[in-house]
Q: 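Quick one: structure below, then a few questions.
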Amino acid sequence: MSELSETSVATQQRSPHLLSRWSWRELWQGQLWPVAVALTLIIACVFALSALVVRVEKIMTDQGRSVLAADLVLVSGNPIDDDTLASASQRGLTVSAQTRFGTMAFSDENMQLVSVKAVANDFPLRGNLALSSGEAASVQSQHVQPGELWLAERLFSLLAVKEGDDVMIGDAQFTVSGLIAQDPELSFNPFSQMPAVLIHYDDIARTGAVQLGGRVQYRMYFVGADDAVASFRQSIELQAGQRWISESTQGRTGDLIDRARQYLSLTLILVIIMASATLVLTCQHYTASRRETVAMMKSLGARKAWLWRWLAGQLLMLFAFSAVLGVGLGALLETLLRLPLGDILPDPLPPMGLTPILTSVLVALLVAIPGMGISLIKLVNTPAIAVMQPEGSAQSGSGLLNTGLSNANQASLWRFGLVLLPLGALLIWFGDNTLMWLTLLGLAVMLILLATIGVAVVALLRKKRWGPAMQLALSRIGRSPLATGAQLAALTASLMLLAVIWLLRTDLLADWQQTLPPDAPNVFALNISEAETQPYLAALDAQNIEHSSMYPVIRGRLVASNGEQFLSNNQIPQDNKNAQASGVQAQPDEALRRELNFTWRESPPVHNQVIAGSWGGEGTVSVEQGIAERLSIQVGDELAFTVNSQPFSAVVGSIRQVEWRNMRPNFYFIFSPDVVAELPATFLVSFRIGADQSPLLNQLGRDYPTVSLMDLRTMASRIQLMLQQVSLSLSVLAALGVVSGLLLVLTLLRLGLSQRQQEMKLYRTLGASRQRISATVWSEYGMMALIAGLMATMGAEGMVAALVHFGFELSPQWHPSLWLGLPVIAVGLVLALAQSMLPKLLQPLKS
């Protein structure tokens, strides 16, 4: 028998073909299938999510740039110098100029304050400008020509004109060319919204409306290759009154898209972590199952080099099989993930290229090399004596490398090197991504903390008196504190990550629903005179239109805090010692560069929350939280303002939390009435109307010609549709993460129960009853599941709170249902799995 075995081993070493056939048979025996499943899951998830990210980012970037009418926009309060244009030309960028200014438009019947956009021939560089004229209102042009005048739809009724009539813009007379059917540039600021007119850039001079010291905005639009645009932006040093606008900073949907991307990336990382943990555990189980086989081979003369070829051949076959299956499954999964987005994705879809395939295979390699390599090092170093002493740890052989080091030191160095491989990749991949590093750091801290708490809880429980089954279970759990701590930490971490993925999805969706609730206003009425406020509200009430209260609006500037002027080159008071000590010269805050909209009220708006101080009191002002933090404003500070060169001051009475995205009237500063009520003001009201109530809006425009109406119905519908579609997509994504977490939990429990198999068989052989062994198993794993479920709940609440606050800048929420649901899920999984494996565990040892 021995001679035959030695001959077999020798033959295997001499025949690569036979070795391959043996490796293939080993692959199909079933021991490596859990490893294959884990690898396939990693590749499929990374492929699907990275493909979806590539497609969605391309789509969102194109949509964002279409709204900008360019890839990048430079906005300036002064004419843009020639050096900037020369720099853009050197990089091959296409440039288009635009000038915006406010002036009066006069017709034979009426006059109206309008926002004039003087554009060049090639405007827009991105997106579509639709200009309609003629009786059929067909689109005649997508570009403005010299001498043309195009009006927003409301101006036809406000000025009582039609196509072909004459309208004076400043000093110049134009003939109305037609209607602006679609303007790619969208604005969400109701306070700066006036009906728009389009003229050609060459016609600015003859209007006479652009004068020195006037309120004029200069814009320059740039289009080109992404790297050229980025290089150009970095090369330009912004001057006072200048700012960049890109797709990531423009539009109300920018925050939604950014947070969806963050959640997508975070879920991808958590899925990779859980699948990687599953891979490591299954590799360790495979190593344990093949230990005796390797020891037998060594005892029959097999060398390490041959063992490495044998094992590496199996794993290479396994990886190739998993890669093919994973990419195929990932393609199917990516299709399922974008099904909920079908209504907002373009047809045809932008190509995803080879990036998802390369990324998924590379990530799988970075995970598999240390995950499987460390286990293989341990397996190959199994001593031959382990055939007779399975738990022996003596090392034999000449070592991994002929360097004179001991086997243990060499193995440690190799393991350390393998661990550094994915860590180095993480450093390159994450870079300065605070959210990802916060997640990994929090997870590491949680693992250590939860393991310590778990061991302490078990030790505390062992001091109590329990029934025989529970006592035996606790004794078994507490026999090895280190192993118990590792097992509890792993089980807890898997449950915690499962909960984190779902809770983040829930919190994000809840925040987005609050951002734009179904009853959000979609029309703003501006520039209402004091005499028109009551009639206007009565007109809305007569039509049963739900509306906000009337807000007085005045425009002014914040100039000083506690007697210290805000500096032109800094955003904080001059006496702020922390800022002076840092030596950092920050750009002035946007709120200090322009006039702001002020209002006054007796009571706080229902959609604002006072978070510091108290509302009311004469001579006070309530400050929005964001600007208070940026400018170091606190309750009790005295702020100085100017309105039309009239100075006044107020004491900060309260700080408010404001949700700027909810499409309701919001203000940085709200005064008590005694401070500014005597200043001349116009009024604002917001309300909601249905898609079929456009005639009512036109009637309001005719009845109150001096009131400016901003209709946001189309944009609100687009945002709500996007919210719905992204919500569905994130739900599918979260479900994928939950499935990955459940797979990890089941793997942990299955491996844990498998490790008990020999011990339970020995109990059975020594006469222990089936009922006693079953009760012990259920008590042991039920207790561990309950402890892990409770600790995972605490960890998930803490981790989600940190991610929501620091990563997504939202207010943390409490999740009471989690405290009941997660422990119940954990115990249910354990009991179900234990019940399925007990028949095998209860078999007595065979002699």
Side-chain angles (χ1 to χ4, degrees), residues 189-192 521 524-534 536-537 547-566 571-573 575 589-660 662-687:
N189 186 356
F191 300 108
S192 62
F524 285 82
L526 315 167
N527 301 320
I528 304 173
S529 67
E530 186 172 4
E532 292 176 319
T533 56
Q534 294 305 318
Y536 204 94
L537 292 179
H547 59 80
S548 70
S549 56
M550 193 71 72
Y551 287 84
V553 179
I554 56 176
R555 295 183 63 83
R557 291 182 179 270
L558 171 66
V559 295
S561 174
N562 295 324
E564 297 291 339
Q565 296 287 321
F566 285 104
Q571 63 179 36
I572 52 179
D575 64 345
D589 189 90
E590 180 65 24
L592 300 177
R593 301 183 184 184
R594 59 184 176 86
E595 286 188 336
L596 304 174
N597 294 286
F598 302 153
T599 191
W600 65 87
R601 288 179 63 88
E602 294 281 0
S603 59
V606 294
H607 53 278
N608 286 187
Q609 180 182 357
V610 176
I611 60 174
S614 58
W615 189 273
E618 294 185 357
T620 60
V621 61
S622 179
V623 184
E624 184 266 338
Q625 179 186 10
I627 195 173
E629 293 175 351
R630 297 195 302 272
L631 303 182
S632 301
I633 296 174
Q634 299 178 355
V635 174
D637 288 352
E638 184 177 5
L639 304 180
F641 304 87
T642 61
V643 172
N644 296 327
S645 300
Q646 300 181 39
F648 62 93
S649 62
V651 175
V652 178
S654 63
I655 308 285
R656 288 170 294 113
Q657 186 178 58
V658 176
E659 176 53 72
W660 292 100
N662 59 16
M663 297 183 72
R664 300 182 186 276
N666 284 310
F667 300 83
Y668 280 125
F669 300 96
I670 301 180
F671 296 88
S672 59
D674 60 289
V675 178
V676 292
E678 299 302 321
L679 295 174
T682 59
F683 290 79
L684 155 74
V685 66
S686 64
F687 52 93

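Being a predicted model, the structure only gives us computed values, none of them experimental.
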Q: Is there a side-chain contact between Phe598 and Val621, using heavy atoms and a 4.5 Å cut-off?
A: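 No; the side chains remain at least 4.5 Å from each other.
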Q: Are Arg664 and Ser686 close enough that some pair of their side-chain heavy atoms sits under 4.5 Å apart?
A: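 Counting from C-beta outward, Arg664 and Ser686 never come under 4.5 Å.
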Q: Hey, is the main chain of Pro665 close enough, under 3.5 Å, to the side chain of His607 for a donor-acceptor pair?
A: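 Here the side-chain-to-backbone pair exists.
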Q: With distance as the sole test, does Asn597 use its side chain to make a donor-acceptor pair with the main-chain N or O of Arg555 at under 3.5 Å?
A: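 Such a contact is absent between Asn597 side chain and Arg555 backbone.
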Q: Any heavy-atom pair between the side chains of Phe669 and Val623 that's under 4.5 Å?
A: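 Sidechains of Phe669 and Val623: in contact.
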Q: Name all residues meeting the side chain to side chain donor-acceptor pair (under 3.5 Å) criterion together with Thr642; count only those two or more places apart in sequence or in a different chain, and write none if there are none.
A: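 Side chain to side chain donor-acceptor pair (under 3.5 Å) list for Thr642, sorted by chain: empty.
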Q: Within the side chain of Arg656, is there an N or O that forms a donor-acceptor pair under 3.5 Å with the backbone of Ser622?
A: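 Flag set: sc Arg656 to bb Ser622 pair under 3.5 Å.
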Q: Any chance you could measure Ile554, atom CD1, to Glu678, atom CD, to the nearest 0.5 Å?
A: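 CD of Glu678 is found 11.0 Å from CD1 of Ile554.
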Q: Got a donor-acceptor contact below 3.5 angstrom from the Ser672 side chain to the Thr620 backbone?
A: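 Yes, the answer is positive, given that a donor and an acceptor are paired below the 3.5 Å cut-off.
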Q: Which distance, rounded to the nearest 0.5 Å, do you find between the CG of Asn644 and the CG of Leu679?
A: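 Output value for this atom pair is 8.0 Å.
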Q: Between Leu526 and Thr682, is there a side-chain heavy-atom distance shorter than 4.5 Å?
A: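 Contact flag for Thr682/Leu526 side chains = no.
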Q: Are the side chains of Val676 and Val643 in touch, meaning some heavy atoms are under 4.5 Å apart?
A: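 In short, these two side chains do not touch, never coming nearer than 4.5 Å.
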Q: Measure the OG-CG distance between Ser548 and Leu684 for me, rounded to the nearest 0.5 Å.
A: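 Between atom OG of Ser548 and atom CG of Leu684 there are 6.0 Å.
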Q: Search all heavy atoms of Trp615 against all heavy atoms of Ser654 and return the closest pair with its distance.
A: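 Residues Trp615 and Ser654, closest heavy atoms: CE3-OG, 3.9 Å.
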Q: Using the six-membered ring wherever Trp is involved, compare the ring planes of Phe687 and Tyr536 and label them parallel, tilted or perpendicular (cut-offs 30° and 60°).
A: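 Answer is tilted, since the angle falls between 30° and 60°.
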Q: To the nearest 0.5 Å, tell me how far Asp637 CG sits from Ser649 OG.
A: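 The OG atom of Ser649 is 12.5 Å from CG of Asp637, to the nearest 0.5 Å.
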Q: Ignoring hydrogens and angles, tell me if any N or O in the side chain of Thr599 forms a donor-acceptor pair with the backbone of Pro552 under 3.5 Å.
A: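 Yes: the side chain of Thr599 pairs with the backbone of Pro552.
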Q: Calculate, to the nearest 0.5 Å, the distance between atoms CE and CD belonging to Met550 and Glu530 respectively.
A: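 The distance works out to 10.5 Å.
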Q: Which pair of heavy atoms, one from Ile670 and one from Arg601, lies closest together, and at what distance?
A: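 Nearest pair, atom of Ile670 first, then Arg601: CG2-N, 4.0 Å.
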Q: Taking side chain as C-beta onward, heavy atoms only, is Val675 less than 4.5 Å from Trp600?
A: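 SC-SC contact between Val675 and Trp600 ruled out.
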Q: Under 4.5 Å between any side-chain heavy atoms of Gln565 and Val559, yes or no?
A: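 The answer is yes; the side chains approach within 4.5 Å.
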Q: Compare every heavy atom of Ser645 with every heavy atom of Pro647, then report the nearest pair and how far apart it is.
A: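 Shortest heavy-atom separation between Pro647 and Ser645 comes out as CD-O, 3.3 Å.
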Q: State, to 0.1 Å, how close Ile655 and Ala628 come at their nearest heavy-atom pair, and which atoms those are.
A: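 Smallest heavy-atom distance, with atoms named: CD1-CB, 3.8 Å.
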Q: Is there a side-chain contact between Asn608 and Phe667, using heavy atoms and a 4.5 Å cut-off?
A: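 In short, these two side chains do not touch, never coming nearer than 4.5 Å.
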Q: Looking at Gln657 and Ile611, what are the two nearest heavy atoms and their distance?
A: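 Residues Gln657 and Ile611, closest heavy atoms: CB-CG2, 3.9 Å.
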Q: Roughly how far apart are Leu639 CG and Leu631 CG, rounded to 0.5 Å?
A: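 One finds 9.0 Å between CG of Leu639 and CG of Leu631.
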Q: Can you see which heavy atom on Ser549 is nearest to which on Val685, and at what distance?
A: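 In this case the closest contact between Ser549 and Val685 is O-CG2, 4.1 Å.
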